[in-house]
Enquirer: 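First the structure, then my questions, so here it is.
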Amino acid sequence: MPLEAIIWKEGQLEILDQLLLPMESKYLAVNTVRDGWKVIHNMQVRGAPAIAIVGCLSLARELIQSPFTSKSELQSWVTVNLQYLETARPTAVNMKNAADDLLKTTNNLQNDDSSVEDMRAQIIEHCENMLEYDVKMNKQIGELGADAILDISSKKVQVLTHCNTGSLATAGYGTALGVIRSIHARNMLEHVFCTETRPYHQGARLTAYELGYENIPATLICDNMAAALMNTRKIDAIVVGADRVTRNGDTANKIGTYQLAVVAKHHDVPFYVCAPTTSIDIRLEHGDEIPIEERPHSEMKEIAGIPIAAPETVCWNPAFDVTPAELITGGIVTEKGVFKPEELMNTFAS
Ligand code: MRU
């Protein structure tokens with residue numbers, strides 16, 4: 001059975017508490033929008049697609065328990081709660097895109113002749129459908145990314161990935177990790193290297209665990225070993241996810257992505273961003289406009305509660321960085337195709 005970060009069953013929502021992995025697998029009930037906001041903000045669930053799905057499902061869960069007497073009251077409640085969910089984490093655009101989409105459905109329902117009960121049921125259904133749709137997109141990304149990478153190599157490939165982009169970061173299968181999964185399914189994967197991803201250790205705690213769980217041949221490296229790895233071993237491609245891709249192709253992703261892209265360019269290793277189109281922010285011109293979340297300094301000064309730096313040490317802890325479009329040399333793999341960064345604007349700006 002694949003790892004499941006999000007369980008939605010008979011109107012109940014549970015998330016796998018990712019702060020406890022890999023030592024403990026414990027599911028937490030999410031019963032309200034406030035619960036949804038908290039588990040996203042505290043990173044008990046994380047990864048751009050999973051954030052949007054849990055945000056919307058927390059709204060669906062609360063909606064199941066809340067009677068509304070009028071459609072306008074329901075419409076206002078949905079609007080206010082979506083705005084609130086968007087504030088849980090600022091960098092990934094997926095929650096904002098999902099909110100806009102759900103708001104469109106809500107506004108259409110408010111203006112048609114459905115009853116308040118129909119409106120409530122259809123909003124819940126819209127949120128439920130996100131789970132299936134996300135897995136479908138990820139599988140397409142997996143196949144298209146595998147095609148692109150195997151097109152440049154007739155031999156089994158070695159790839160490097162960063163952070164966690166697998167089942168734990170999505171509704172299932174994964175984006176960059178989905179590409180790795182698809183290459184492995186074709187028996188064309190020699191080996192995966194995954195970075196530990198300081199300071200939150202998504203690579204060590206989640207990706208290495210997920211790869212082991214799936215019996216995919218993998219080796220964990222520290223973040224500062226990536227250049228030496230590319231210099232001493234043949235790495236055929238780097239695959240990473242995205243939290244927000246702007247219209248010129250600049251991409252915000254987990255801190256450390258940018259330095260991998262710089263080193264990849266030096267070593268002529270193709271660099272791929274793998275993300276659903278729900279991670280594209282066509283409203284923003286370029287990466288400088290992306291809000292970058294800064295996280296507590298304790299995440300750097302402690303590991304699992306054990307101090308590793310003097311308490312008075314001053315830190316800088318941005319959770320994401322922006323990789324400029326020109327360093328995304330392989331392409332941006334979406335469910336709709338693999339694009340060069342400069343192709344995004346004409347393809348997705350309507
Ligand atoms: O801080 P996180 O763990 O939410 O950051 C996750 C990433 O940066 C992922 O690469 C990105 O969200 C894509 S997940 C499919």
Side-chain angles (χ1 to χ4, degrees), residues 3 5-6 15-19 21 39-55 88-98 130 133-135 137-142 145 160-181 194-210 223 238-245 251-261 271-281 287 290-296 299-300 317-323 328 332-335:
L3 283 173
I6 307 163
I15 59 116
L16 182 57
D17 185 346
Q18 297 189 28
L19 291 178
L21 286 174
V39 294
I40 294 168
H41 185 73
N42 297 341
M43 293 177 68
Q44 285 162 300
V45 66
R46 27 67 50 207
I51 288 171
I53 295 165
V54 169
R89 290 193 71 195
T91 301
V93 74
N94 305 57
M95 185 64 235
K96 162 82 182 140
N97 283 342
M130 287 174 74
Y133 184 55
D134 189 59
V135 176
M137 285 192 293
N138 289 345
K139 289 192 170 158
Q140 282 161 347
I141 291 169
L160 169 63
T161 191
H162 187 53
C163 195
N164 176 265
T165 59
S167 290
L168 294 168
T170 61
Y173 204 73
T175 58
L177 211 139
V179 171
I180 292 169
R181 227 184 262 279
C194 66
T195 56
E196 66 172 347
T197 321
R198 282 277 293 150
Y200 189 83
H201 297 109
Q202 289 92 330
R205 294 191 305 104
L206 309 176
T207 304
Y209 173 62
E210 218 178 314
D223 298 349
I238 297 184
V239 289
V240 298
D243 289 86
R244 195 185 295 233
V245 183
T251 296
N253 190 49
K254 180 49 54 193
I255 190 75
T257 304
Y258 174 34
Q259 67 194 20
L260 286 181
F271 190 90
Y272 293 88
V273 166
C274 311
T277 49
T278 47
S279 301
I280 299 176
D281 187 350
I290 300 174
I292 300 292
E293 176 184 9
E294 292 204 18
R295 305 250 345 144
E299 285 182 359
M300 288 171 65
N317 187 15
F320 301 94
D321 58 25
V322 175
T323 300
I328 304 170
I332 299 174
V333 185
T334 73
E335 77 282 7

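What's counted below: heavy atoms across the whole structure, side chains too, no hydrogens, waters or symmetry copies. Note that ligands are numbered from 1 as they come in the structure, with each ligand's atoms numbered from 1 the same way.
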Enquirer: Who are the side-chain hydrogen bond (donor to acceptor under 3.5 Å, both in side chains) partners of Thr257, not counting sequence neighbours?
Expert: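 Once residues adjacent in sequence are excluded, the partners of Thr257 under the side-chain hydrogen bond (donor to acceptor under 3.5 Å, both in side chains) criterion are Asn253.
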
Enquirer: Could you pull out the closest heavy-atom pair between Asp223 and Glu196, with the gap in Å?
Expert: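 Distance-wise, the nearest heavy atoms are OD1-N, 3.3 Å.
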
Enquirer: Mind checking what makes side-chain hydrogen bond (donor to acceptor under 3.5 Å, both in side chains) contact with Tyr209, not counting sequence neighbours?
Expert: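 Here no residue qualifies.
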
Enquirer: Of Arg89, Arg244, Lys254, which meets salt bridge (charged side-chain N to carboxylate O under 4.0 Å, His left out) against Glu293?
Expert: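 So the option named by the test is Arg89.
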
Enquirer: Restricting to side-chain hydrogen bond (donor to acceptor under 3.5 Å, both in side chains), what partner residues turn up for Thr207, sequence neighbours left out?
Expert: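 Thr207: side-chain hydrogen bond (donor to acceptor under 3.5 Å, both in side chains) contacts with Asn164.
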
Enquirer: Need the list: ligand 1 N/O atoms against protein N/O atoms, distance under 3.5 Å, rounded to one decimal.
Expert:
from	atom 1	to	atom 2	distance (Å)
ligand 1	1 (O)	Arg89	NH1	3.3
ligand 1	1 (O)	Arg89	NH2	2.9
ligand 1	1 (O)	Lys254	NZ	2.8
ligand 1	3 (O)	Arg46	NE	2.8
ligand 1	3 (O)	Arg46	NH2	3.2
ligand 1	3 (O)	Gln202	NE2	2.8
ligand 1	4 (O)	Gly47	N	3.0
ligand 1	4 (O)	Arg89	NH1	2.8
ligand 1	8 (O)	Asp243	OD1	2.8
ligand 1	8 (O)	Asn253	OD1	3.1
ligand 1	8 (O)	Lys254	N	3.2
ligand 1	10 (O)	Asn253	OD1	2.6
ligand 1	12 (O)	Ala48	N	2.9
ligand 1	12 (O)	Asp243	OD1	3.3
ligand 1	12 (O)	Asp243	OD2	2.9

Enquirer: For Gln18 and Met43, indicate whether the former's side chain and the latter's backbone hold a donor-acceptor pair under 3.5 Å.
Expert: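 Side chain of Gln18 to backbone of Met43: no pair is present.
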
